[in-house]
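Structure first, commentary second.
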Amino acid sequence: MKRAALLLLGAYVCVLGAFVHRHVWFAGGTAWPWGLVLVIGATFLVARAAEQTQRVGAAWFALGWGAVLMGLQYSPGGSYLVASDWVGWTFTAGCLGAIVVTVLRPPRLGA
């Protein structure tokens with residue numbers, strides 16, 4: 001049951017990230033991509049929390065996240081949420097990198 005919940009959580013985080021990663025804040029004539037930073041950070045933190053709740057929880061989280069991303073990219077007509085520009089590629093690579101770091105992190109041997 002936990003694995004299915006982590007799979008759905010990964011899918012949910014990816015969908016939210018696809019909507020939020022494009023938000024910017026304009027200050028001093030510069031666009032600051034706060035949505036992109038928030039999404040990458042949140043993906044990393046939720047993957048870490050998933051790893052703490054289940055032995056390979058981050059991997060189950062990654063499966064859900066990746067399935068939604070693949071569904072977005074390979075849908076007929078392409079993705080309207082994750083464009084093929086620097087913001088879309090940074091979203092994809094940054095979040096996948098955060099998940100990979102969490103999945104490949106060696107397990108902590110507790111007391």
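Along the sequence shown, residues are numbered consecutively beginning with 1.
Taking each heavy atom of Val68 and Cys14 in turn, the nearest pair found is CG1-SG, 3.7 Å. Considering every non-hydrogen atom in both Val24 and Ala31, the closest pair reads CB-CB, 4.4 Å. The heavy-atom pair separating Ala58 from Ala47 by the smallest distance is CB-O, 3.7 Å.
Under a hydrophobic-cluster definition in which Ile, Leu, Val, Met, Phe, Trp and Tyr are linked whenever side-chain heavy atoms come within less than 4.5 Å, directly or via other members, Leu104 and Val46 are assigned to different clusters. Hydrophobic cluster membership is shared by Phe19 and Leu69, with clusters built from Ile, Leu, Val, Met, Phe, Trp and Tyr side chains linked at under 4.5 angstrom. Residues Leu6 and Val101 do not share a hydrophobic cluster, defined by chaining ILVMFWY side chains whose heavy atoms lie under 4.5 Å apart.
Leu36 CG to Thr90 OG1: the interatomic distance, rounded to the nearest 0.5 Å, is 5.5 Å. Atom CH2 of residue Trp25 and atom CH2 of residue Trp34 lie 11.5 Å apart, to the nearest 0.5 angstrom. A distance of 11.0 Å separates OG1 of Thr53 from CZ of Phe61, quoted to the nearest 0.5 Å. Here Arg55 contributes atom CZ and Arg3 contributes atom CZ; the two are 10.0 Å apart, rounded to the nearest 0.5 Å.
When each of Leu9, Val15, Thr43 is checked for a side-chain contact (heavy atoms from CB on, under 4.5 Å) with Trp65, only Thr43 meets the rule. Of the candidates Val39, Ile99, Thr102, Phe44 forms a side-chain contact (heavy atoms from CB on, under 4.5 Å) with just one, namely Thr102.
At a threshold of 4.5 Å between non-hydrogen side-chain atoms, the residues Val87 and Phe91 do not count as touching. Two residues are said to be in side-chain contact when any heavy atoms from C-beta on lie closer than 4.5 Å; Arg22 and Asp85 meet this criterion. No side-chain heavy atom of Arg105 sits less than 4.5 Å from a side-chain heavy atom of Glu51. The shortest side-chain heavy-atom distance between Tyr12 and Leu7 does not fall under the 4.5 Å cut-off.
Remark: the backbone N or O of Phe26 is not paired with any side-chain donor or acceptor of Thr30 at under 3.5 angstrom.
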